[in-house]
Amino acid sequence: MVESRARAATASLRVAAVALPWGVSPDALEVAGRSARPVMPRIPAAVSTREPFTCSSPAKGHQPGRELGASCRAGDAHSCPRGLLQLWNVRPAWKLARTCNVRPARLSEPPVRAPPRVRFAPSPTGALHVGSIRTALFNWLLARSGAGAFILRIEDTDQGRHVEGSEVQILESLRWLGLEWDEGPEVGGPHAPYVQSLRVETYRGVAEELVASGAAYWCTCTAERLAQMRAAQRAAHQPSRYDRRCLGRPEEVARERAGGTPAVLRQRIPEGRTEWVDAIRGPVAFDNAELDDQVLLKSDGFPTYHLANVVDDHLMEITDVVRADEWIPSTPKHLALYAALGWAPPRFAHVPVVLSEDRQKLSKRRGARSVLEYRDLGYLPVALVNAMALLGWSSPDGEEVLAPDQIVARFSLDRVQPSPAVFDEQRLDKLNGLHIRMLPLTRLAELLAPWLPAASDEQRLSLAPLLQERITRLSDATTLAAPLLGEVAWDETVEFPPRKVDAATAADLLDACAAAVEAGGLEDITALREQLTAMLEQRGLKARDGFRVLYVAVLGAPAGVPVFDAMRFLGAEATLPRLRRARAHLPS
RNA sequence: GCCCCGUUCGUCUAGUGGCCCAGGACACCGCCCUCUCAAGGCGGAGAUCAGCGGUUCGAAUCCGCUACGGGGUACCA
């Protein structure tokens, strides 16, 4: 379908070229010489022809063959059935007939749009990982960016796969990330209940309607027969789909059902072709002959996803279905259901899946972390949101470190990539560190509480500025702050005195520092630092090298929080023994 | 088997026929800044835009084929 349209467009362009046989000026060809790379002006000056311009942008679904007038200028407005377009890249005169391009306005964003109502519909089969919750994030972003509503619905129509406790985890994950829902479990809403197992009567009612209109029929075929049929179809290189045996024997099926034979309700897929414009992928088309007569009602009376999701999306007035791309092959079946019921279908946007490092689809089994694990590892929800948003979506201005409200302000589905992406944890780390650095100190101090259980509120507050600049995850605070909140054992494996510092200088430095601290030097650590720097420089040593002595002495390692701040935090009483202990490890 | 979706530096991406012998970010390397570590600044290395054909004066961008990857093909969602 797509191809044939494009082919037709190409054909009409050829005709246009033939129909406008003006003399080609050789001068026009000499744009910039052939020696160098021909440099064409991006937006050339206005040009005119004896014949009208033709609007040609077939690939973008643009209506070709439209006259633009005998002269045009880049930037001119041009109205065509697709909306207001802008001319750009006007071509040299010798080629105008087919190359006067127009840039279509964004197709997916009509100027006036009702606020979107979107939904996230997980099934309670386990904890949410990055792959599944990113779909929730995109839904939430679409809702918030369009002043719409974000609806949460639990799809638990498969009783067998239900995992105890996963609903609670789902709600907790969403809340932790800040993806608050406007309607759904716990918050309620006008279309309650938002749990499918509580809506079974609704689905049965719709199913009856479908039977009455002939869009669905009962089927009593056994699993064995179905398996045989599929094997045969596969062997015959045929698409595998139900052969409609029961469609041709309704009385018999009715008798069997009355006699207690288990039966399922099948959707009768109409003839023809189904296509839709996916907000992320553009036109997608299926030949209905490829489609199976989908089971709508299982023999246990529960609906399948296909029925339940269409019914609920309609009843809940969902305008945009944003879901993972594994649903693409089912979409034509859903569309057929909407048509059979006389309902207007929503827009569809199929987002790509998230892959793990080995390029396989992310899954719990392969060690994908659940969202809550990231919390327990010391990640900030805003950083996770940032990292997930950048997985498949990019900001129009290229900004990458973004708070949720900034993402909302910039979000649109047409900037979502169609290809699957690998989740990069290193990038998450980077983003997490940067977001930690943007936190107000009081907030950081609060967030640090679980990671610094031994510290008082006051201590955490004074530690916060020292830690903020150098932690990647909140959990890093525990090790970084350890030397300040407890004793430090002397570690013989740490080089002491450090490189570039001889024992005598180290001893003098420690003595001088201890003397100064004893004399109240911690009152003004800048002065103390300058005093010691001067002393080291007198001996021809750089402060950076010499101070390593103090790092090892006070923090037990050559790196850590700024050592003078550390000493001040510890106070003279705690600092002096450390300086003296280090001194004792040096020959006197 | 049949159908669908996808394919730009290691990773995430920009890119919608000339601003691209492809730009940014993470990771990596070097330098600078600096009391260490971070953060930051500057620079480096890293992509024959999956391949091949076609259209075009000109293709990462349009078309076709192929390859590879993923998904669907359930009384799972």
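In what follows, every chain begins at residue 1, and chains take the letters A, B, ... in the order their sequences are listed. Please read these numbers as outputs of a predicted model, since none were measured by experiment.
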For this session: Flag the pair A:D545 and A:K542 as a salt bridge only when some basic side-chain nitrogen lies within less than 4.0 angstrom of an acidic carboxylate oxygen.
Result: no
Exercise. Under 4.0 angstrom, heavy atoms only, what part of the nucleic acid is A:G398 near: base, sugar-phosphate, or nothing?
Worked result: nothing
Exercise. Could a donor-acceptor pair under 3.5 angstrom be found where the side chain of A:R427 meets the base of B:rC26?
Worked result: no
Exercise. Has A:R544 got a side-chain N or O lying under 4.0 Å from the OP1 or OP2 atom of B:rC37?
Worked result: no
Exercise. Could one point to a donor on the side chain of A:Y551 or the base of B:rC37 with an acceptor on the other under 3.5 Å away?
Worked result: no
Exercise. Given the C1' atoms of B:rC49 and B:rG23, what is the spacing between them in whole Å?
Worked result: 13 Å
For this session: Using a heavy-atom cut-off of under 4.0 Å over every strand shown, decide if A:R281 touches base, sugar-phosphate, or nothing.
Result: sugar-phosphate
Problem set entry | C1' atoms of B:rA38 and B:rG44, separation to the nearest Å | 22 Å
Exercise. Within the modelled atom types, does a donor on one side and an acceptor on the other bring the side chain of A:E326 and the base of B:rG70 under 3.5 Å apart?
Worked result: no
Problem set entry | Any A:Q417 side-chain nitrogen or oxygen under 4.0 Å from OP1 or OP2 of B:rA14 | yes
For this session: Test A:E400 against every option in A:R427, A:R410, A:K430 by the salt bridge (Lys or Arg N to Asp or Glu O under 4.0 Å) rule and name the one that passes.
Result: A:R427
For this session: Give one of base, sugar-phosphate or nothing for A:Q238, where a contact means two heavy atoms less than 4.0 Å apart.
Result: base
Problem set entry | Touch class at under 4.0 angstrom, heavy-atom based, for A:F302 against every strand present | nothing
Exercise. Of all the choices, B:rA14, B:rU7, B:rU11, which nucleotide is nearest to the side chain of A:S419 once you look at every atom?
Worked result: B:rU7
Exercise. The side chain of A:S123 lies closest to which of these nucleotides: B:rC37, B:rA25, B:rA77?
Worked result: B:rA77
Exercise. B:rU13 base to A:R415 side chain: any donor-acceptor pair below 3.5 Å?
Worked result: no
Exercise. Do any side-chain nitrogens or oxygens of A:K430 fall under 4.0 Å of OP1 or OP2 in B:rA39?
Worked result: yes
Exercise. Are A:R539 and A:E537 close enough, and set up right, to give a salt bridge (Lys or Arg N to Asp or Glu O under 4.0 Å), and what steps lead you there?
Worked result: CA-CA 5 Å; A:R539 300 183 175 224; A:E537 277 170 359; over 6 Å; no
Exercise. Is A:V422 touching bases, backbone alone, or none of the nucleic acid, heavy atoms closer than 4.0 Å?
Worked result: sugar-phosphate
Exercise. In terms of side-chain geometry, is the basic nitrogen of A:D476 or A:R470 positioned less than 4.0 Å from the acidic oxygen of its partner?
Worked result: no
